[in-house]
4 protein chains.
Amino acid sequence: MQTAVNKRDSIVSSALVLFAERGYDATTIPMIATSAGVGAGTIYRYFENKEVLGNKIFQEYLNIFTETLENGFPYDESIRNQFHHIFISMIHFTTEHSQALYFIKTHSSAHFLNEESHSSFQGLLNILKSFFDSGKAKKEIKELPSAALIAIIYGAFLELQRLVRMGELEPEAKLLADVEESIWDAVRLHV
Amino acid sequence: MQTAVNKRDSIVSSALVLFAERGYDATTIPMIATSAGVGAGTIYRYFENKEVLGNKIFQEYLNIFTETLENGFPYDESIRNQFHHIFISMIHFTTEHSQALYFIKTHSSAHFLNEESHSSFQGLLNILKSFFDSGKAKKEIKELPSAALIAIIYGAFLELQRLVRMGELEPEAKLLADVEESIWDAVRLHV
Amino acid sequence: MQTAVNKRDSIVSSALVLFAERGYDATTIPMIATSAGVGAGTIYRYFENKEVLGNKIFQEYLNIFTETLENGFPYDESIRNQFHHIFISMIHFTTEHSQALYFIKTHSSAHFLNEESHSSFQGLLNILKSFFDSGKAKKEIKELPSAALIAIIYGAFLELQRLVRMGELEPEAKLLADVEESIWDAVRLHV
Amino acid sequence: MQTAVNKRDSIVSSALVLFAERGYDATTIPMIATSAGVGAGTIYRYFENKEVLGNKIFQEYLNIFTETLENGFPYDESIRNQFHHIFISMIHFTTEHSQALYFIKTHSSAHFLNEESHSSFQGLLNILKSFFDSGKAKKEIKELPSAALIAIIYGAFLELQRLVRMGELEPEAKLLADVEESIWDAVRLHV
DNA sequence: CATGAATGAGCTTTCATTCAT
DNA sequence: TATGAATGAAAGCTCATTCAT
């Protein structure tokens, strides 16, 4: 049972949790309605249909994350610090919206996504790409395709985050620092 | 349209591709039947129902991969060589069954999996865990929880593999070697 | 096309007629839906599945009949009067729910019946058994097993009722009285 | 598993048992095939389709019974003796083909029966009707419609027979004699 | 002749969506 | 504006029937 101030938010956060846990296709509108504490018909007052709901949620959280990432990005600082900012952003965003990044990842090539969702997602990838490109230019990041580097950082982080969410791992400061170091080791150029 | 020698194999490989691409829930029996070039009813001659089909495929490929991994595992050699074996096994297995590891990963906590599937999956995790534990004992692997280390290697590899499959990355020897090095850097203890 | 006040009743009475006429297995959900004037999906809002529908109808009418039988049963009067009460109850119940007793009889050992249905049916048989047992004790009923006596009265009455329903017999007072006498002759002890 | 000399008989007797026990609609062709110890396809070498099989079995046993009844019918003897012949014929026929009369009764107005089956059944009814008519003419049988009298004798006998088949009643000579007397009491004119 | 693997029509059932209240 | 009963299109699944062997 969601306890958001307004019904729209309640629907969105309930749907997010269910989409992340069961997947978009295994989640029914009545499930969302029950979890959000609203009638099934109410969902259609806020979203044209299930597909639109899925896309809206995908984009909404993606945009929040992208903003989190861009907000205060230390372009002038060292690559390592920039990396730290990215990592911290992931942590912060995940703390606020525990299921959002996982939902985005597991559905980033889902059949129901529309053009706008795809390009929103591309926007996120581009930010990361820029970072890696500048890092490679400065000989601080490995000469791997950016897509590969993104895959490593993104894949590793999210798999970890899944373990935390499932209670198999405790997200203590020490662990997070170690994980950050580990991922950094993966992408940085060892001299 | 699948062109396997027998219908069972045809159904299995068609289903694997669709499950990997669209997800289990978004894949319908008629879709599988069409893709496998058989009648919808034929699928039920080989598998009791869709759930059983999902579990069978999950376990079948998981077992092949586990065997691939255990086959000729260089227990007596260095940790780095053991890691190489693991990486190479992933490459080989993925070459043979391009969608299998991705399907396994994306569905490893899916709602339709039965007990046997879960324990088969646990078996795979245990192999990797043993490797990391011995590496940590020898001070060659970072002191991170094994679950976290597995998440890093597994998550990174599969994200990469997805890019290859989608044609966004070319799986040349150089790239693979670099990726292997990158993941190794992520998990090894830097002195 | 049923014209009941509410949809549940409409479904129940439509299903009863079809189950009685064609049998449970030869009756499809779309048939019931059409006859009840509802959508096929609506049936599932009231009954979990076809099996539950079958059992509910079986029990519902069985309970009404059992009540009809027990209501005002003249325990203190003569065996003949008690028999009359039973016969009249059958007539009354059949008048209200023309297909119900026939449906119950033709499906009393059907494969879809659950434990509750079976014991409800047993409850009805027990009432009749008690009657026959007391009649035998008073030397007014033949010394046949109660099951046999029940079979005679039950089988005869329902076969008759079927003929009435199919229009092959007119249920006039004279006929009913004669039939009652005939069945009574079958079970009573002739001195 | 049937052990008839030829496959056709094996199919027929297996189908009869299953049709009687589960009903025509709840009996599948594979069930019959398994029980008859033949391949499912084999059934179609002997019977065009399931409907034809159902009708053939209905008619075949009906004809045997009708012959049993007509064979040695004591037209010249007393009504009571004629009645005895009918009762004994039922017993004999039921001993030979334990499920046949029950199948015929429970399916005598089934949806799959064709014209020929219906008229075969009518033939049986006519024999009984003639008997009752002559009995009424001789003032030895109650002045009830023949259909009603047939219903009584037929319904009572078969309900009884069902109990015997289900093991709830032992078909000893004494019971049979008592039942015969009971049914006779039901139809005879008491002076 | 006999078979049983294969099929698709049609069944049971689900669920996104509508709409009267 | 909010609802949930009602719906029917489409899903999962069964089984009478066919046909290559």
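We use all heavy atoms of the structure for the numbers below, so side chains are in, but hydrogens, waters and symmetry mates are not. In what follows, chains are A, B, ... by sequence order, proteins preceding strands, each numbered from 1.
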Exercise for review: Tell me which of B:Ala40 and D:Ala40 sits closer to the 5' end of DNA chain F, going by the nucleotide each one is nearest to.
Suggested key: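 Per heavy-atom nearest nucleotide, the more 5' residue is B:Ala40.
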Review point. Of D:Asn49 and B:Thr27, whose nearest nucleotide on DNA chain F comes first from the 5' end?
Key: B:Thr27
Review point. F:dT3 phosphate, OP1 or OP2: any side-chain N/O from A:Thr42 under 4.0 angstrom?
Key: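 The answer is yes; a side-chain N or O of A:Thr42 sits under 4.0 Å from OP1 or OP2.
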Review point. Below 4.0 angstrom from OP1 or OP2 of E:dA2, is there any side-chain N or O of D:Tyr44?
Key: no
Counting heavy atoms from C-beta on, name the nucleotide in [options] closest to the side chain of [X].
X: A:Val38; options: F:dA16, F:dG12, F:dT3; answer: F:dT3
X: D:Pro30; options: E:dT13, E:dA5, F:dA16; answer: F:dA16
X: B:Thr28; options: F:dA6, F:dT17, F:dG12; answer: F:dG12
X: C:Arg45; options: F:dA6, F:dA16, F:dT1; answer: F:dA6

Check your understanding: Which base, if any, makes a Watson-Crick or G-U wobble pair with E:dT21, both distances under 3.5 Å?
Key -> F:dA2
Check your understanding: If pairing requires Watson-Crick or G-U wobble contacts with both distances under 3.5 Å, which nucleotide is the partner of E:dA9?
Key -> F:dT14
What is the distance, rounded to the nearest whole Å, between atom [atom1] of [X] and atom [atom2] of [N]?
X: B:Leu53; N: F:dG12; atom1: CG; atom2: P; value: 11 Å
X: B:Lys50; N: F:dA10; atom1: NZ; atom2: C1'; value: 12 Å
X: D:Tyr24; N: F:dA16; atom1: OH; atom2: P; value: 8 Å
X: A:Ile43; N: E:dC15; atom1: CD1; atom2: P; value: 14 Å
X: B:Lys7; N: E:dG8; atom1: NZ; atom2: P; value: 10 Å
X: A:Arg22; N: E:dT14; atom1: CZ; atom2: P; value: 14 Å
X: B:Leu18; N: F:dA11; atom1: CG; atom2: P; value: 13 Å
X: D:Arg8; N: E:dA2; atom1: CZ; atom2: P; value: 13 Å

**Study point:** First of D:Gly39 and C:Met31 reached from the 5' end of DNA chain E, by closest nucleotide
**Key:**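 Result: D:Gly39.
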Point to revise | Test item: A:Ser35 and A:Val17 side chains (from C-beta on) under 4.5 Å apart, heavy atoms | key: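 The answer is no, as the side chains (C-beta and beyond) never meet within the 4.5 Å cut-off.
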**Study point:** Nearest-0.5 Å distance, CZ of residue C:Phe58 to CZ of residue C:Phe19
**Key:**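 One gets 12.5 Å once the value is rounded to the nearest 0.5 Å.
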Practice item. Determine the contact category for A:Ile29: base if any of its heavy atoms lies under 4.0 Å from a base atom, sugar-phosphate if only primed atoms, P, OP1 or OP2 are that close, otherwise nothing. Key: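 If one applies the 4.0 Å heavy-atom cut-off, A:Ile29 turns out to touch a base.
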Check your understanding: Which part of the nucleic acid, if any, lies within contact of D:Phe47, taking any heavy atom under 4.0 Å across all strands shown: a base, the sugar-phosphate backbone alone, or nothing?
Key -> nothing
**Study point:** Distance-only side-chain donor-acceptor flag, A:Asn63 / A:Thr66, under 3.5 Å
**Key:** no
Study note, to complete from the structure: Per ring-ring contact (aromatic ring centres under 6.0 Å, His included), D:His97 is matched among D:Phe103, D:Tyr102, D:Tyr61 by D:Tyr61
Check your understanding: Just wondering, more than 12 heavy atoms not from B:Lys105 lying within 6.0 Å of its NZ?
Key -> yes
Review point. What orientation do C:His107 and C:Tyr24 show, parallel under 30°, tilted 30 to 60°, or perpendicular over 60°?
Key: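 C:His107 and C:Tyr24: perpendicular rings.
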